[in-house]
Amino acid sequence: MSINEFDPSQSILENEHHTINLVRWHQQCELLQDYYKAQLVIILQHTQNGFEVITSAGDRPMPSGLLMRQSNPLLDKLMKAPGQGLQVQLSGELDGLPEEFEQHAFILSRPIRWPDSNDFGCLIVAADRDPLVENIAAAMLEPVQVLLQQDLALMCQNQRISTLSMRDRLTGMLNQYGFLMMAPRQLALGRRFGSHAGVIFFELCQVQAHQQTVGERDQQLLGRIIQDTIRSADIAARYSETEFVVLVFLDSERDLQHIIRRVDKSLKQQAMQLCLDANACFFSPDSSTKLAPMIHVTRQGLLSQQQQQNMDNSVQNQA
């Protein structure tokens, strides 16, 4: 399972983002309201559910999280506007006018973009009279527009850094940190739907005694085989230099051994010089065991299995 960067169609209110200071966004709305003597200043985000209020200020502010209808000609026009924004006299825009703006006569707006120039939403100043009278400039929206877009750019940059820190450079899979961050959420979701779960540890080793180490290509090969074998809901990671761990969701316990055999067969077909040690533990949906103990038990089982094999080999050599 790969890690996806932030979904731009997802509301920024759904998760906490340390780079997005919503208090500061609200203060900017208050400053614009005072400057333009406006009745409402609002920041909207276009999400998969429609236009969502992020924050607002005014005589009758809209609550954060309020959803407007999915498709609206006026809001689409404001969001798709050039960077310098639009001034709209609402008497000429009554067709499809959102009910939230029916009491206002004028709108000043600036589009807000993601760092890749895709649409985030818009910044709107709504007033009962023309806000540009008395030599007040529409350009005063620009500093706020820039500030909001800088915050969004910083949020996306932090997300990319976080993604890279959870990914193994060699294989492109999750690393140990990434697995411990992502797998507990997936395990909780699987249990909620009544899925059986299992943890499998794989470790590469060489068949030929004179080959002491496993190469990078060998690790990349096993990582690729594991990812091709598991389903999209499962989570796999390179846990250490030669160890790989998988959280899988199953119909029954025997499926664990089926997965191990498939991975082992594919590995032998592509690299005869390699062998694979594996150990698995099965957990039912009603189990309250946390992920960390599951990992510990499975990994210790693999180590014990390897120690027993080493002892058996020593006995055979002495004989």
Donor-acceptor contact below 3.5 Å, side chain [X] vs main chain [Y]:
X	Y	value
Glu216	Leu170	no
Ser64	Ile54	yes
Asp218	Gly215	yes

Nearest-0.5 Å distance that lies between atom [atom1] in [X] and atom [atom2] in [Y]:
X	Y	atom1	atom2	result
Leu256	Arg261	CG	CZ	10.5 Å
Leu22	Thr55	CG	OG1	7.0 Å
Gln45	Leu13	CD	CG	7.0 Å
Thr229	His258	OG1	NE2	9.0 Å
Ile124	Ile43	CD1	CD1	10.5 Å

Pairwise side-chain contact, Leu291 with Phe179, heavy-atom cut-off 4.5 Å (strictly under):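 Contact flag for Leu291/Phe179 side chains = yes.
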Heavy-atom side-chain contact between Leu222 and Val263 under 4.5 Å: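 A side-chain contact under 4.5 Å exists here.
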Qualifying residues under ring pair (Phe, Tyr, Trp, His ring centres under 6.0 Å), relative to Phe120, sequence neighbours excluded: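 Phe120: ring pair (Phe, Tyr, Trp, His ring centres under 6.0 Å) contacts with Trp114.
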Linking I/L/V/M/F/W/Y whenever their side-chain heavy atoms sit closer than 4.5 Å, directly or via other members, would [X] and [Y] fall into one cluster?
X	Y	answer
Phe106	Ile42	no
Leu147	Ile112	yes
Ile260	Leu274	yes

Distance-only donor-acceptor check, side chains Asp130 and Gln87, under 3.5 Å: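 Looking only at side-chain atoms, Gln87 and Asp130 do form a donor-acceptor pair, the distance falling under 3.5 Å.
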Single hit among Gln176, Gln220, Arg238, Gln219 for side chain to side chain donor-acceptor pair (under 3.5 Å) with Asp168: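 One option only clears the test, and that one is Arg238.
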Other residues, nucleotides, ligands: >12 heavy atoms within 6.0 Å of Lys265 NZ: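 Not more than 12 within 6.0 Å, no.
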Check ion pair Arg191-Asp286 (N to O, under 4.0 angstrom):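 No.
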Phe244 and Tyr239 aromatic centres sub-6.0 Å: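 No: the rings miss the under 6.0 Å criterion.
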